[in-house]
Amino acid sequence: MKFFIDTANLQEIKEAHSLGILDGVTTNPSLMAKEGIKGKDNIFRHYKAICDIVDGDVSAEVLATDFEGIVKEGEELIEIDPKIVVKVPMIKDGIKAIRYFTDKGIKTNCTLVFSAGQALLAAKAGATYVSPFLGRLDDVSTDGLLLIEQIVNIYSNYAYETQVLAASIRHPMHIVRCAEVGADVATCPLAPILALLNHPLTDAGLAKFLADAKKM
Ligand code: E4P
């Protein structure tokens, strides 16, 4: 399973990259706003700065919701860097735009996916990635992991090439369960990635080894 980091914070991206386990980055307008990035030039510069840190795909979300606007924005975004993947919302014009981008060989990430039917359409349109939001489903008392599993099964039935990018991950067990059900990618904030490191028996074991090493 690939690990993407779900942030626009350059320090966090650098920290995850320094671990040697980072395969890409996802951003969204809320994450960009959180970093205080304003204005098209600054936004584009920030995407470029992210691309310069990582080796893999970097999702940059369009703000338009009509076909022509999505295509125009997407074509501008891909000029920033070859790592840019155009992130397109799961709406009717979004699906049309994904098909347009697919036919031009442009990578896409279909975002705001909350049902298997939506994921099926994203795959039919040739999206590179589909982003089901598991945490937001859990937030409304619906099992987000079941959706990830359902999409993985449907794509496998028909050998769709669209990769299942589990998004809206909140804690380390989300990551582990995504790996169990066969998600292709998990995009996570830095905290749940770092939380995977933790186990009290590791801490206790290391403390004992270091104490005993002094007797060597
Ligand atoms: C990623 O592509 C999504 O935009 C993100 O994971 C959403 O996460 P949230 O539900 O924590 O905002």
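Atoms within a ligand are numbered from 1 in the order they appear, just like the ligands themselves. Worth saying up front: this structure is predicted, and the values here are computed from it rather than measured.
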Nearest neighbour in protein (non-hydrogen) for atom 3 (C) of ligand 1 = Phe133 CZ, 3.4 Å
Polar contact flag for Arg170 and ligand 1 (N/O pairs, less than 3.5 Å) = yes
Partner of Asp81 under salt bridge (Lys or Arg N to Asp or Glu O under 4.0 Å), chosen from Arg45, Lys107, Lys48 = Lys48
Looking at Phe44, is Lys40 sitting on its ring face, NZ or CZ under 6.0 Å from the six-membered ring centre and within 45 degrees of the normal?
-> yes
So which heavy atom in the protein is nearest atom 6 (O) of ligand 1, and how far is it from that ligand atom?
-> Asp6 OD2, 2.5 Å
What residue and atom, counting heavy atoms only, is the protein's closest point to atom 8 (O) of ligand 1, and at what distance?
-> Ser168 CA, 3.4 Å
Check whether any heavy atom of Lys87 sits under 4.0 Å from an atom of ligand 1.
-> yes
When you check the side-chain N and O atoms of Asp138 and His174, is any donor under 3.5 Å from an acceptor?
-> yes
To the nearest 0.1 Å, how far is atom 4 (O) of ligand 1 from its closest protein heavy atom, and which atom is that?
-> Asn28 ND2, 2.7 Å
Quick one: pull up CD1 in Ile37 and CG in Leu31 and give me the separation to the nearest 0.5 Å.
-> 11.0 Å
Taking atom types as modelled, is there a side-chain donor on Asn9 or Glu35 under 3.5 Å from an acceptor on the other?
-> yes
Report yes if the side chains of Asp103 and Phe101 come closer than 4.5 Å at any heavy-atom pair, otherwise no.
-> no
Atom indices of ligand 1, in the order listed, that fall short of 4.0 Å to a heavy atom of Arg136 = 7 (C), 9 (P), 10 (O), 12 (O)
